[in-house]
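Below is one structure; the comments refer to it alone.
We name chains A, B, ... by the order of the sequence lines, and we start the count at 1 in each one.
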There are 2 protein chains.
Amino acid sequence: MGISSSQVRQDFFSFGGNGLQGYGYDVEYLHQEIRSILGLDTAHSMIIIGAGSLGHALAKHTNFAKSGFNITAIFDIKSELLGEKINDLEIRHLDSLPEFVSKNRVDIATLTVPENCAGEVAKFVIELGIKALWNFSPVEIITPEDVLIENIHIIDSLIVLGYNLKEIQT
Amino acid sequence: MGISSSQVRQDFFSFGGNGLQGYGYDVEYLHQEIRSILGLDTAHSMIIIGAGSLGHALAKHTNFAKSGFNITAIFDIKSELLGEKINDLEIRHLDSLPEFVSKNRVDIATLTVPENCAGEVAKFVIELGIKALWNFSPVEIITPEDVLIENIHIIDSLIVLGYNLKEIQT
DNA sequence: TAGATTGTTAATCGATTAACAATC
DNA sequence: TAGATTGTTAATCGATTAACAATC
């Protein structure tokens with residue numbers, strides 16, 4: 001992965017030594033330690049808002065659960081989608097989100113909504129007290145200080161690729 | 001976006017001054033200049049390999065074309081998908097990729113295949129002479145020096161969110 | 001003891017920020 | 001001329017790398 005041994009040791013060092021000088025690391029213990037630091041051994045409850053093709057793709061993805069991120073509900077506003085099931089999860093109307101939040105713990109809200117309503121939906125979700133947003137829309141969403149946001153701006157990555165390609169092709 | 005004026009000026013400076021001291025920037029000219037630097041004003045031909053739910057989602061996405069990234073074909077190996085159309089593009093068999101590449105320019109190959117065959121597909125694509133991969137599988141793919149790769153490791157972003165959430169919740 | 005490998009500090013490097021000259 | 005804003009260099013900061021002591 002192009003990471004130097006120095007950096008690996010420095011990084012481990014900052015979380016406290018995990019190895020034995022002159023001997024090496026207990027890989028299994030270290031692995032568990034890193035999982036614990038990253039929070040991969042704790043369960044997270046996650047909802048998906050927006051059951052378009054990207055929402056569907058994420059809902060069908062089984063890898064998230066393996067890392068402790070459990071999808072607990074899917075919401076949309078299109079009435080023709082309501083009731084449809086994805087991996088045992090029924091698509092619910094966004095109007096029922098407040099009730100869902102009051103009855104269920106929601107750690108993370110995934111936003112796979114069209115860009116023209118991403119801001120509005122984010123606001124709605126934040127007002128319900130959800131503290132972490134996983135945003136797939138290309139919009140820059142401003143959140144209060146106590147609300148986290150992680151953006152997956154897919155096109156940015158494609159633009160980087162295109163830029164580097166330009167350099168290579170000349 | 002949390003970027004200082006110093007940084008903006010420094011960045012513009014590194015590509016050559018675009019403004020007028022004491023007056024400001026010609027925003028429209030600057031915008032076009034940046035588009036040109038990023039290569040957003042040149043067309044790229046892109047194929048999608050893997051017509052699963054993520055492949056479908058990307059194929060339906062219209063924003064890529066707006067930035068000059070045109071999806072020109074979709075490939076899969078599942079025979080039951082062949083012939084299905086997504087946005088006017090027919091799903092083709094992966095076996096026909098060599099012929100396609102010989103007849104059409106392909107700048108970028110998007111990999112939305114299951115992780116257990118990502119490496120193999122990448123190798124196949126590289127051997128056909130494609131110089132840029134856009135990889136959505138969670139696998140770390142090693143490419144020759146003259147082949148670019150951009151990874152979208154979706155789960156990494158989710159793990160970052162979970163990690164920061166842990167900090168907040170304590 | 002010799003070799004190997006981690007822990008920890010110091011040196012280096014690169015990116016960000018600050019400062020101010022240039023100039024409209 | 002005074003005010004404003006960019007261009008460019010220097011200072012600062014943080015991350016990476018190098019070095020070597022500690023110790024199995």
Identify every side-chain donor-acceptor pair in residues 124-137 of chain A under 3.5 Å, counting partners at least two apart or on other chains, and give the distances.
residue  : atom : partner  : partner atom : Å
A/Lys131 : NZ   : A/Asp146 : OD2          : 2.8
A/Trp134 : NE1  : B/Ser157 : OG           : 2.9
A/Asn135 : OD1  : A/Ser137 : N            : 3.0
A/Asn135 : OD1  : A/Ser137 : OG           : 2.9
A/Asn135 : ND2  : A/Ser137 : O            : 3.2
A/Asn135 : ND2  : A/Val139 : O            : 3.1
A/Asn135 : ND2  : A/Asn151 : OD1          : 2.8
A/Ser137 : OG   : A/Val139 : N            : 3.4

Fill in: Lys/Arg-Asp/Glu bridge criterion (N-O < 4.0 Å) met for A/Arg9, A/Asp11
no
Worksheet item: According to the Watson-Crick and G-U wobble definition with distances under 3.5 Å, which dot-bracket string, read 5' to 3', encodes DNA chain D, using [ ] for crossing pairs and | for pairs with another strand?
Response: ..||||||||||||||||||||||
Please list, pair by pair, any protein nitrogen or oxygen found under 3.5 Å from a nitrogen or oxygen in nucleotides 8-14 of chain C.
residue : atom : partner : partner atom : Å
C/dT9   : O4   : A/Gln10 : NE2          : 3.2

Worksheet item: With clusters built from Ile, Leu, Val, Met, Phe, Trp and Tyr whose side-chain heavy atoms come within less than 4.5 Å, directly or transitively, what are the remaining members of the cluster of A/Ile142, listed by chain and number?
Response: none
Practice prompt. Taking only the side-chain nitrogens and oxygens of A/Ser4, find out if one of them lies under 4.0 Å from OP1 or OP2 of D/dT16.
Written response: no
Practice prompt. Look only at the side chain of A/Asp107 and the backbone of A/Ser45, and say whether a donor-acceptor pair between them is shorter than 3.5 Å.
Written response: yes
Within the sub-3.5 Å range, which N or O atoms of nucleotides 2-5 of chain C have a protein N or O partner, and how far apart are they?
residue : atom : partner : partner atom : Å
C/dT5   : O2   : A/Gly22 : N            : 2.6

Practice prompt. Mind listing the residues from residues 29-38 of chain A sitting with a heavy atom below 4.0 Å of DNA chain C? Number order is fine.
Written response: none
Discussion item. For residues 74-92 of chain A, which residue pairs pass the side-chain hydrogen bond (donor to acceptor under 3.5 Å, both in side chains) check, not counting sequence neighbours?
Written reply: A/His56-A/Glu84
Worksheet item: Separation of B/Asp11 atom CG from D/dT6 atom P, in whole Å?
Response: 14 Å
Discussion item. For residues 17-40 of chain B, which residue pairs pass the salt bridge (charged side-chain N to carboxylate O under 4.0 Å, His left out) check, not counting sequence neighbours?
Written reply: none
Practice prompt. List for me each residue that meets salt bridge (charged side-chain N to carboxylate O under 4.0 Å, His left out) alongside B/Lys103, sequence neighbours excluded, and say none if there are none.
Written response: B/Glu99
Discussion item. Show every ring pair (Phe, Tyr, Trp, His ring centres under 6.0 Å) that has at least one partner inside residues 75-123 of chain A, sequence neighbours left out.
Written reply: A/Phe75-A/Phe100
Discussion item. Pairing donors with acceptors under 3.5 angstrom, does anything connect the side chains of A/Asn164 and B/Glu150?
Written reply: no
Fill in: Whichever hydrophobic residues join B/Phe13 through chains of side-chain contacts under 4.5 Å
none
Worksheet item: Is a side-chain N or O of B/Ser67 found less than 3.5 angstrom from the main chain of B/Leu40, in a donor-acceptor match?
Response: no
Worksheet item: Quick one: hydrophobic cluster around A/Tyr29, which other residues, with the 4.5 Å side-chain cut-off, linked directly or via members?
Response: none
Worksheet entry | d(CG, A/Asn18; C1', C/dG7) in whole Å | 11 Å
Worksheet item: Checking A/Thr72 side chain against A/Met46 main chain: does a donor-acceptor pair fall under 3.5 Å?
Response: yes
